[in-house]
Amino acid sequence: MIKVSSHSIRALVVYLSHLGVPLRQSLDLVGLDKAALFNEHSLLSTNVLESLYDFAEKNLGLQDVGFNFGQTIEPDRWSTLGYIAFTAPTLQKALQQQYKFQSLVGNLGSPVIKQQGEHTLINWVPAYACSHHTVEEILTGWVAFARKLSAAPVIPEKVFFAHACQGDERVYEQYFQCPVLFCQDANGVLVDSDLLQVPLIKHEPQLHDLLCQHAEQQLASFTEAVPIEVMSQYMVNRLSVKVPDIEEIAELMNLSVRTLQRKLSDAGTSYSQLLDSLRKKMAMDYLHLEHYSIVYIAEMTGFSEQSAFQRAFKRWTGMTPLQYRKKQNRDDN
């Protein structure tokens, strides 16, 4: 199951309260109590996040609530990981730590960093068919957080989203101070590579090292308690870059391959079965969203060729991806 940190949900509930939605109403809407909301280590279903966004859109008339919420980012929204980024020496280091420890705050998606000459492209690949609000909150949060921390002005070269614009494009360009493109093949931010090396004004070496050590301990405990969940999160986050082999995953989890295989067997599955089921679930989720092309979905689920994706999907469902998408559209209507 795709999950999100209670810290992120709590921040959104507080934000909605400032817009006039009482705390009790938000909690009742998603079936939570205060104990669950204020549990420092709990991970909640992304259904909670999406339900809150859906409520804000339909009942408050806010098509850009994720975009505006992203601008209010504070380190506590990402729990320990937020403070690790807050005390990091550079944005580059903060991104590396986010990638390493992101399973501690859920598995909404993964940043994918690519060099393009003098620029760095930071894509965000969602791990499920999330709303445009979630995508906009993540990307806007990145930029807002960088602006809080960097000693230099943070102005991207461009920002792009896979979905169509739901608000006024001029408002987005005014905030990001650069071209903002919608209906693109992916979600991401393009920046000057030098910006990632600018010293951060909140860097505290000793505190940063302590926070990283704490995160390492949390990750080790998490891996011991729910190894299949950790493995699944890592696989989902890596698929768009490359399909991780079992040796890579065993090294991440500090286990031998044999021990990892035994844990998978105890859970009634295997590496190949888990990989197959994750790819199937991701593909079916993404196909519900028209703005993702089938070629892009194939890439996000780790297939190097569209033909291989087509064969796998037909094996899973008896339909081609296009046939499945058309059927879902008919059923929805």
Side-chain angles (χ1 to χ4, degrees), residues 1-82 98 101-111 124-142 144-145 161 163 166 187 218 222 225-226 228-230 232-234 236-237 278 281-282 284-286 288-289 332:
M1 179 185 292
I2 310 299
K3 295 184 178 180
V4 60
S5 169
S6 60
H7 292 259
S8 297
I9 299 297
R10 186 161 67 239
L12 180 55
V13 167
V14 171
Y15 179 74
L16 292 179
S17 73
H18 293 156
L19 299 179
V21 182
L23 174 65
R24 185 70 266 165
Q25 184 178 359
S26 290
L27 294 181
D28 289 344
L29 173 71
V30 293
L32 289 178
D33 55 26
K34 284 188 177 181
L37 192 66
F38 287 90
N39 184 324
E40 293 299 305
H41 303 296
S42 67
L43 295 176
L44 305 173
S45 168
T46 52
N47 292 337
V48 174
L49 178 70
E50 298 298 346
S51 294
L52 290 170
Y53 275 137
D54 186 60
F55 176 85
E57 178 179 329
K58 292 179 178 177
N59 293 275
L60 302 179
L62 299 175
Q63 296 288 340
D64 56 359
V65 62
F67 168 61
N68 289 307
F69 178 48
Q71 296 174 41
T72 67
I73 188 71
E74 294 293 342
D76 60 351
R77 191 180 302 179
W78 296 334
S79 186
T80 302
L81 186 53
Q98 180 186 11
F101 297 121
Q102 63 183 340
S103 62
L104 297 176
V105 294
N107 54 341
L108 294 180
S110 179
W124 186 66
V125 181
Y128 71 109
C130 62
S131 67
H132 73 277
H133 299 296
T134 299
V135 176
E136 291 184 7
E137 188 253 315
I138 295 292
L139 265 63
T140 307
W142 283 356
F145 206 68
F161 298 103
H163 58 267
Q166 306 296 309
N187 308 295
Q218 284 185 296
F222 190 38
V226 284
I228 306 304
E229 187 167 331
V230 172
S232 298
Q233 287 186 12
Y234 183 76
V236 166
N237 289 334
L278 290 172
K281 176 65 166 60
M282 290 173 68
M284 293 174 73
D285 283 349
Y286 284 132
H288 280 81
L289 299 180
D332 291 342

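Both backbone and side-chain heavy atoms feed into the values below; hydrogens, waters and symmetry mates do not.
The heavy-atom pair separating Thr80 from Gln218 by the smallest distance is OG1-OE1, 3.5 Å. Here the shortest heavy-atom pairing between Ile73 and Gly141 reads CG2-O, 3.8 Å. Contact detail for Arg24 and Leu32: the closest heavy-atom pair is NH2-O, 3.4 Å. Smallest separation of non-hydrogen atoms from Val30 and Val48: CG1-O, 3.7 Å. Among all heavy-atom pairs drawn from Thr134 and Cys130, the shortest one is CB-CB, 4.0 Å. Counting all heavy atoms, side chain and backbone alike, Gln63 lies closest to His132 at O-NE2, 2.8 Å.
Distance check: His7 NE2 to Leu81 CG gives 11.0 Å after rounding to the nearest 0.5 Å. One finds the CG atom of Leu43 at 7.5 Å from the OG atom of Ser6 (value rounded to the nearest 0.5 Å). Once rounded to the nearest 0.5 Å, the distance linking CG of Asn59 with CG of Asp54 reads 8.5 Å. Here the straight-line distance linking atom CG of Leu37 with atom OG of Ser42 works out to 8.0 Å at 0.5 Å rounding. The distance from atom CZ of Phe145 to atom CH2 of Trp78, rounded to the nearest 0.5 Å, is 5.5 Å. The structure places CD of Gln25 at 4.0 Å from CZ of Phe55, a figure rounded to the nearest 0.5 Å.
Put simply, the side chain of Asp33 gets close to the backbone of Ala36: a donor and an acceptor are under 3.5 Å apart. Remark: side-chain polar atoms of Ser8 are not paired, donor with acceptor, to backbone N or O of Val4 under 3.5 angstrom. Within the 3.5 Å criterion, the main-chain N or O of Glu136 finds a donor-acceptor partner in the side chain of Thr140. Asn39 contributes no side-chain N or O that, together with a main-chain N or O of Ala35, makes up a donor-acceptor pair within less than 3.5 Å.
Between Leu12 and Glu137, every side-chain heavy-atom pair lies at or beyond the 4.5 Å cut-off. No side-chain heavy atom of Val65 sits less than 4.5 Å from a side-chain heavy atom of Leu60. Side-chain contact check for Leu139 versus Phe67: every heavy-atom pair is 4.5 Å or farther apart. Residues Gln98 and Pro111 form a side-chain contact, since some pair of their non-hydrogen atoms from C-beta on lies under 4.5 Å apart.
No cation-pi contact links Arg10 to Tyr15, judged by a cut-off of 6.0 Å to the six-membered ring centre and 45° from its axis.
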**Message:** Show, in sequence, the C-alpha distance, side-chain angles and deciding distance for Met282 and Val236, and conclude whether the side-chain contact (heavy atoms from CB on, under 4.5 Å) test is met.
**Reply:** CA-CA 8 Å; Met282 290 173 68; Val236 166; 4.0 Å; yes
**Prompt:** Between Leu52 and Ser26, does a side-chain contact (heavy atoms from CB on, under 4.5 Å) hold up when you go through it step by step?
**Reply:** CA-CA 7 Å; Leu52 290 170; Ser26 290; 4.0 Å; yes
**Prompt:** Could you walk me through whether Leu19 and Leu62 pass the side-chain contact (heavy atoms from CB on, under 4.5 Å) check?
**Reply:** CA-CA 10 Å; Leu19 299 179; Leu62 299 175; 3.6 Å; yes
**Request:** Just do the side-chain contact (heavy atoms from CB on, under 4.5 Å) check on Tyr128 and Glu50 with the steps written out, would you?
**Result:** CA-CA 11 Å; Tyr128 71 109; Glu50 298 298 346; 2.5 Å; yes
**Request:** Starting from the C-alpha separation in whole Å, work towards a yes-or-no answer on side-chain hydrogen bond (donor to acceptor under 3.5 Å, both in side chains) for Arg77 and Ser5.
**Result:** CA-CA 8 Å; Arg77 191 180 302 179; Ser5 169; over 6 Å; no
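Ring pair Phe69/Tyr53 is perpendicular by interplanar angle, where above 60° counts as perpendicular and below 30° as parallel.
In this model, no donor atom of one side chain and acceptor atom of the other lie less than 3.5 Å apart for Glu229 and Tyr234.
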